[in-house]
Amino acid sequence: SRAPLGGRSRLARERPIRTRSGASRHDDTGKKQSFGGTFASERELGCKPGAGVQPRAAATADGNGSEIAAPQLTPVKLVPFLVSIAFGLVVRFAIPVPAGVTPEGWQLLAIFVSTVAGLVIGPLPVGAWAFAGVTTAVATKTLTFKAAFSAFSLDVIWLVVNAFFLAKGFVKSGLGDRVATYFVKMFGKSSLGLSYGLTVSEGILSPSMPSSTARCGGIYLPIIVSLAKQAGSLPGKTANKLGAFLAQAQLQTTAHLSSISLTGAAQNTLGLVLAANLGHPVANPWITWFKAGIVPGLAGLALTPYIVYKLNPPEIKDTPDAPKVAAKKIEEMGPMKKIEWMVAGTMLLTMLLWIFGDKIGMAGATAAMVGITLQMLGGVLTWQDLLNEKGAWDTLIWFAVLVAMSAQLKEFGLIGALSAKVNAGLTAMNLGWPAVFISLHVAYFLLHYLFASQTAQLAALGSAFLATMIGAGTPPILAALTIPFHTNLFGGMTHYASGQSAVFYGSGYYDMGTTFKIGGIVGVTNLLIWGIVGGFWWKIIGLY
């Protein structure tokens with residue numbers, strides 16, 4: 001557990017065999033390897049070194065004397081399948097349809113619940129189960145084909161996919177290794193120190209880069225992958241050496257970084273627009289936001305990496321010699337190579353387009369596509385590299401399916417009906433504004449399990465929740481700021497909670513159970529941090 005961060009494990013030294021999909025990369029010998037998937041060595045698979053993996057299934061002659069592997073069935077896992085279906089059947093037939101909800105909307109909720117349940121317990125791989133879910137929605141005429149696949153044209157979906165491609169160029173060029181080595185040199189005495197170093201660097205960048213998905217997928221995922229690879233930590237058996245911890249810690253700290261400044265996340269300004277539409281504009285919005293968010297945000301940044309460290313401890317903890325090893329490696333690397341300069345230049349251009357995209361009318365996904373196209377024109381990436389990024393295409397399927405289902409739940413009136421029911425119940429209880437304020441935030445948190453987008457939830461529920469809070473006596477500026485604050489804080493609670501959550505989950509460094517466990521615990525912790533620390537701070541600065 002105390003192997004040098006720059007060292008290589010036995011698994012890394014043996015020639016790896018692809019056992020799960022991922023993009024290709026090259027090892028130290030120049031042979032191609034799978035990157036982004038699970039690796040197993042020939043020795044672990046029972047093969048003689050150098051012989052490759054032999055099929056274990058019975059083989060038959062193909063008529064030319066050659067042997068071919070007999071096909072094998074890989075059916076659905078029966079118990080998880082039945083449990084997943086049971087969740088949906090209970091919703092559809094055992095729970096009465098609430099007033100104001102159409103039968104189609106309730107049936108879609110049942111399919112959505114079964115789909116999410118299956119994504120958690122895994123009767124099929126994630127993409128396959130999402131495909132089965134959307135197929136059910138279309139086949140039962142719950143959704144039209146157009147509605148079911150409407151999310152495939154959304155900017156945020158393609159920003160997630162493009163982040164995988166940018167990460168590929170970062171790693172393939174060797175620039176990722178170089179940057180990771182610098183991080184090891186500066187912060188590498190411990191795994192926890194690495195996490196805090198990454199957090200500080202994102203904190204500097206976040207105010208000028210409002211897409212948290214672009215930050216995480218285009219910059220920090222490639223760095224984390226390179227750091228983990230140096231430690232011999234790859235998706236699969238060795239993920240817990242370092243990669244799983246760094247990925248989860250960065251995902252969870254991004255929630256606080258997105259909340260500290262108004263420009264830290266794309267959806268932040270939407271919250272203030274909704275408040276203004278209700279007649280409560282926020283004066284001097286950037287300063288007002290920063291003043292309210294800085295203290296609870298810093299508290300969250302100080303605690304979150306340590307909390308994730310305890311919940312998902314890395315096997316490599318102390319690495320006292322790592323900075324020395326990193327310094328020596330930097331010297332051996334020599335000056336940056338042409339391919340590295342090309343990736344650095346295209347990434348710099350992409351970042352500038354992300355920063356100034358709103359001013360020039362360029363969406364985040366389009367900016368990423370410009371960078372990817374330039375890398376293909378320059379020879380950094382090939383089309384085959386993109387095709388081999390199976391994690392990107394898998395994420396495209398399941399994430400777009402969940403976003404589309406979530407949007408259609410709103411279109412069918414289900415979200416509005418649930419919101420109205422909650423609001424009516426609170427109004428009937430005649431509670432004071434603090435109780436209404438807390439109750440609505442708890443409800444807002446729990447309802448995110450039905451949403452595959454932070455912006456979508458804010459757009460769907462923001463106005464209703466703000467109106468109810470303000471109507472109960474909550475100071476308008478307090479309500480206007482805390483709803484979008486909260487929208488950032490649950491960005492890591494599920495693998496579909498946000499674009500950045502989908503990016504990190506797609507890296508393969510942690511499984512579904514870990515996602516929901518850490519996401520749920522840290523999500524609740526975030527609410528407590530911002531509720532307690534923020535509550536005292538907001539009283540001091542006069543928000544209530």
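Atoms considered below: every heavy atom in the structure, side chains included; atoms not considered: hydrogens, waters and symmetry mates.
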Q: Decide yes or no for W129 and W398: does some side-chain heavy atom of the first lie under 4.5 Å from some side-chain heavy atom of the second?
A: no
Q: Hey, does the side chain of N162 reach the backbone of W158 with a donor-acceptor pair shorter than 3.5 angstrom?
A: yes
Q: Ignoring hydrogens and angles, write down the donor-acceptor pairs under 3.5 Å from the side chains of residues 525-532, residues two or more places apart or on other chains.
A:
unit_1	atom_1	unit_2	atom_2	d
T525	OG1	I521	O	2.8
N526	OD1	H256	NE2	3.0
N526	ND2	L489	O	3.0
N526	ND2	V522	O	3.4
W530	NE1	H256	ND1	3.0

Q: Yes or no on side-chain contact (heavy atoms from CB on, under 4.5 Å) for F445 and V524, after CA distance, side-chain angles and deciding distance?
A: CA-CA 9 Å; F445 177 85; V524 172; 4.2 Å; yes
Q: Do S212 and Q500 meet the criterion of a side-chain donor-acceptor pair at a distance under 3.5 Å?
A: yes
Q: Could you check whether any side-chain N or O of S261 sits under 3.5 Å from a backbone N or O of G264, counting only pairs where one atom can act as donor and the other as acceptor?
A: yes
Q: Considering residues at least two apart in sequence or located in another chain, which fulfil the ring pair (Phe, Tyr, Trp, His ring centres under 6.0 Å) criterion with H448?
A: F490
Q: Are L198 and E202 close enough, and set up right, to give a side-chain contact (heavy atoms from CB on, under 4.5 Å), and what steps lead you there?
A: CA-CA 6 Å; L198 291 168; E202 189 182 349; over 6 Å; no
Q: Is there a side-chain contact between W289 and F485 (heavy atoms, below 4.5 Å)?
A: yes
Q: Would you compute the distance between atom CE of M342 and atom CG of L175 and round it to the nearest 0.5 angstrom?
A: 12.5 Å
Q: Test of understanding: with side chain to side chain donor-acceptor pair (under 3.5 Å), list the residues that count as partners of S259, not counting sequence neighbours.
A: N488
Q: Under a plain distance cut-off of 3.5 Å, with no hydrogens placed, do Q457 and T487 share a side-chain donor-acceptor pair?
A: no
Q: What pair of heavy atoms forms the shortest contact from I339 to S173, and how long is it?
A: CG2-O, 3.6 Å
Q: Who passes ring pair (Phe, Tyr, Trp, His ring centres under 6.0 Å) against F152, sequence neighbours left out?
A: F149
Q: Indicate every side-chain donor-acceptor pair of residues 359-378 with a distance under 3.5 Å to a residue at least two apart or in another chain.
A:
unit_1	atom_1	unit_2	atom_2	d
T373	OG1	M369	O	2.8
Q375	NE2	T346	OG1	3.1

Q: For F290, give me all partners under ring pair (Phe, Tyr, Trp, His ring centres under 6.0 Å), at least two apart in sequence or on another chain.
A: W286
Q: Would H495 and F516 satisfy side-chain contact (heavy atoms from CB on, under 4.5 Å), going step by step from the backbone distance to the final call?
A: CA-CA 8 Å; H495 63 296; F516 275 76; 3.7 Å; yes
Q: Who passes ring pair (Phe, Tyr, Trp, His ring centres under 6.0 Å) against F165, sequence neighbours left out?
A: W393
Q: Can you list the residues that meet the side chain to side chain donor-acceptor pair (under 3.5 Å) rule with S258, with sequence neighbours excluded?
A: R215
Q: Where do Q250 and S195 come nearest, in terms of heavy atoms and distance?
A: OE1-O, 4.4 Å
Q: Answer yes or no: is there a side-chain heavy-atom contact under 4.5 Å between C216 and L251?
A: no
Q: Please, which pairs that meet ring pair (Phe, Tyr, Trp, His ring centres under 6.0 Å) have at least one residue in residues 211-246, sequence neighbours excluded?
A: F245-Y309
Q: Name all residues meeting the side chain to side chain contact (heavy atoms under 4.5 Å, CB included) criterion together with L352; count only those two or more places apart in sequence or in a different chain, and write none if there are none.
A: L348, F356
Q: Can you pull the salt bridge (Lys or Arg N to Asp or Glu O under 4.0 Å) pairs that have at least one residue in residues 335-352, sequence neighbours excluded?
A: R178-E340
Q: Between T515 (side chain only) and D511 (backbone N and O only), is there a donor and an acceptor less than 3.5 Å apart?
A: yes
Q: Would you give the length of the straight line joining atom CD1 of I316 to atom CG of N240, rounded to the nearest 0.5 angstrom?
A: 11.0 Å
Q: Go through the structure and list residues passing side chain to side chain contact (heavy atoms under 4.5 Å, CB included) with F187, not counting sequence neighbours.
A: F183, L194
